[in-house]
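Below is one structure, written out as C-alpha cells; comments come after it.
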Protein chains: 2
Amino acid sequence: MQKKPKNSDTQNVGISLDGQLCFAIYGAAHAFNRAYKPLLEPLGLTYPQYLVMLALWEEDGQPVKAIGERLGLDSGTLSPLLKRLEQADLVRRKRDRKDERQVHISLTPKGAEMKAQAEHVASAIGEALGCGLDEVAALRDALKALRERLRSASG
Amino acid sequence: MQKKPKNSDTQNVGISLDGQLCFAIYGAAHAFNRAYKPLLEPLGLTYPQYLVMLALWEEDGQPVKAIGERLGLDSGTLSPLLKRLEQADLVRRKRDRKDERQVHISLTPKGAEMKAQAEHVASAIGEALGCGLDEVAALRDALKALRERLRSASG
DNA sequence: CATAACTATATTGTGCGCAATTGAATTGCG
DNA sequence: CGCAATTCAATTGCGCACAATATAGTTATG
C-alpha cells in the first residue's frame, strides 16, 4: 500500500481500461449484429437465427442441447427461436426414438438451399471487415482466449 | 471468374472464418456479460445498467442522447432502463429548462457512492482477464477498429 | 406570426437471453 | 421391479435491443 507512482495507477487504469474493453466488446457485438441485419433481412433471418442455421449447415440433425452448447444458449432462448425457424419452413423438429427427451433439429430443403445465399452474406461481411484474414484470425483467437479466461474464472 | 486454385478457397474460407469470428464475438460478449452478472448482482445492477453508470461516473448529468451515443443504444432501450435506475434511487431525470426536449440524467448520492463498489468489480474482472494490460489494450483497439469498419460499411 | 422541418424522448411490438420452474423420459441402484 | 437422481426440452417472467411510431418542444422559412 506504499506509494508507487507508476503502479498506483493500476487501480484507476483498471476501471478505466476495463471499462473501455467493456464498451469495445459490447459495441463490436452490436456492430456485428447491425452489419448483418440488413443482409439477413431478405432471407427473413435474425442474427441469432443465422448463427443457428450456420451450426446446422455445418452439421445437420443436431439435438437442441448440442446447438445450445455450440452457441452458448439455453433452451429458454432456443425453443422459441427454433419454433420460428420451423414456422418459416427452414427446419424440422423430430423427437429421438431411442431417447424421447431429445429433439433433433434438421434442415428442410428450403433451409438447406439457403446456405448458398448465406455465403453471399458472409462474403459481404468479409469485405466489410477489410479482408485482413490474418488479422481476423488473430482477433478470433484472442477473443476465444478471452472467453476461456472469463469462463474459467466465473463458470 | 477463372479457376484460381488458391483464391477459390476465399469463398469457403470466407464463410467458415467469418462464421468463427461471429461465434467468437458473440461468445465473448456473452462471456463478459456472464462474468459481470454475479459481481453486479450484489449491487442490484444488470450489465447494461452498469455500463450506463460507468458513463455517468465518467461524466455526470449527461442527456439521454449522449449516453445513447456513447453506448450505441437508442431511447427504446434507455428509457425503461433509466426508469429502473431511477426507481432504484441511483439516478434522477431532470428536463433541461432551456431545451425541454432534453432529459439530463444525474447521479443521486447513492448512485455516486456506488462507484467505489464498482471499482472492486472492475478489478475483479481485470484479474480474471489475467491482467495482460498490453494484450487487453491491443484487443480493445482491434475491436474498436473492427467496429468502425463495420459501421462505415453498414451505417 | 404561422407552418413546416427537425430534434429529443417516450411508447409499442417483436425477438433475443437467462434464471427458475415444470414435466416427461431415462438411468442407476437396491 | 420400484424409486430416486439425472437429463433434456419447454415454459414463465424479467430485462435488454431495436424498428416504427407518437408526442412534445425547437428552429427555420416565408
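By convention in this document, chain letters (A, B, ...) are assigned in the order of the sequence lines, proteins followed by strands, and residues within each chain are numbered from 1.
In terms of position along DNA chain D, the nucleotide closest to A:V103 lies nearer the 5' end than the nucleotide closest to the other residue of the pair A:V103 and A:N33. Along DNA chain C, the nucleotide closest to A:G76 and the one closest to A:D99 are compared, and the more 5′ of them pairs with A:G76. Place B:T77 and B:E100 on DNA chain D by their nearest nucleotides, and B:T77 ends up nearer the 5' end.
Distance OH (A:Y36) to P (C:dC16): 16 Å, rounded to an integer number of Å. Atom CD1 of B:I105 and atom P of C:dA8 are 14 Å apart (whole Å). Nucleotide C:dA20 holds its C1' atom 12 Å from the NZ atom of B:K37, rounded to whole Å. Rounded to an integer number of Å, the gap from CD of A:Q49 to C1' of C:dT14 is 11 Å. In this structure, A:L45 atom CG and C:dG15 atom P are separated by 13 Å, rounded to whole Å.
Annotation: proximity of residues 79-96 of chain B to DNA chain D (heavy atom, distance under 4.0 Å) is found for B:L81, B:R84, numbered in ascending order. For DNA chain D, the neighbouring residues in residues 60-74 of chain B, judged by any heavy atom under 4.0 Å, are B:G72, B:L73, B:D74.
Ring planes of A:Y50 and A:Y36: tilted class, angle from 30 to 60°. The aromatic rings of B:Y26 and A:Y47 lie perpendicular to each other, with more than 60° between the two planes, well past the 30° mark.
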* To do: Mind running side-chain contact (heavy atoms from CB on, under 4.5 Å) on B:K65 and B:V103 for me, showing each step along the way?
  => CA-CA 9 Å; B:K65 183 91 192 294; B:V103 173; over 6 Å; no
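A 4.5 Å side-chain heavy-atom check between A:L81 and A:P48 finds at least one atom pair inside the cut-off. Looking only at side-chain heavy atoms (C-beta outward), B:I67 and B:L56 come within less than 4.5 Å of each other. Residues B:W57 and B:M114 meet the side-chain proximity criterion, which asks for heavy atoms closer than 4.5 Å. Within the 4.5 Å cutoff, no side-chain heavy atoms of B:L45 are placed close to those of B:V121. Two residues are said to be in side-chain contact when any heavy atoms from C-beta on lie closer than 4.5 Å; B:H104 and B:R92 fail this criterion. At least one side-chain heavy atom of B:M53 sits less than 4.5 Å from a side-chain heavy atom of B:L107. Taking the side chain as every heavy atom from C-beta outward, A:V64 and A:I105 approach each other to under 4.5 Å.
Taking 4.0 Å as the cutoff to heavy atoms of chain A, we find the contact window on DNA chain D bounded by D:dT7 to D:dC18.
Contact annotation: side chain of B:R101 to base of C:dT7, donor-acceptor pair present below 3.5 Å.
Among the protein residues, A:S75 comes within range of the nucleic acid bases, having at least one heavy atom under 4.0 Å from a base atom.
Within a 6.0 Å sphere centred on CD of B:E148, other residues, nucleotides and ligands contribute more than 12 heavy atoms.
For C:dG30, the paired nucleotide is D:dC1, the pair qualifying as Watson-Crick or G-U wobble because both relevant distances are below 3.5 Å.
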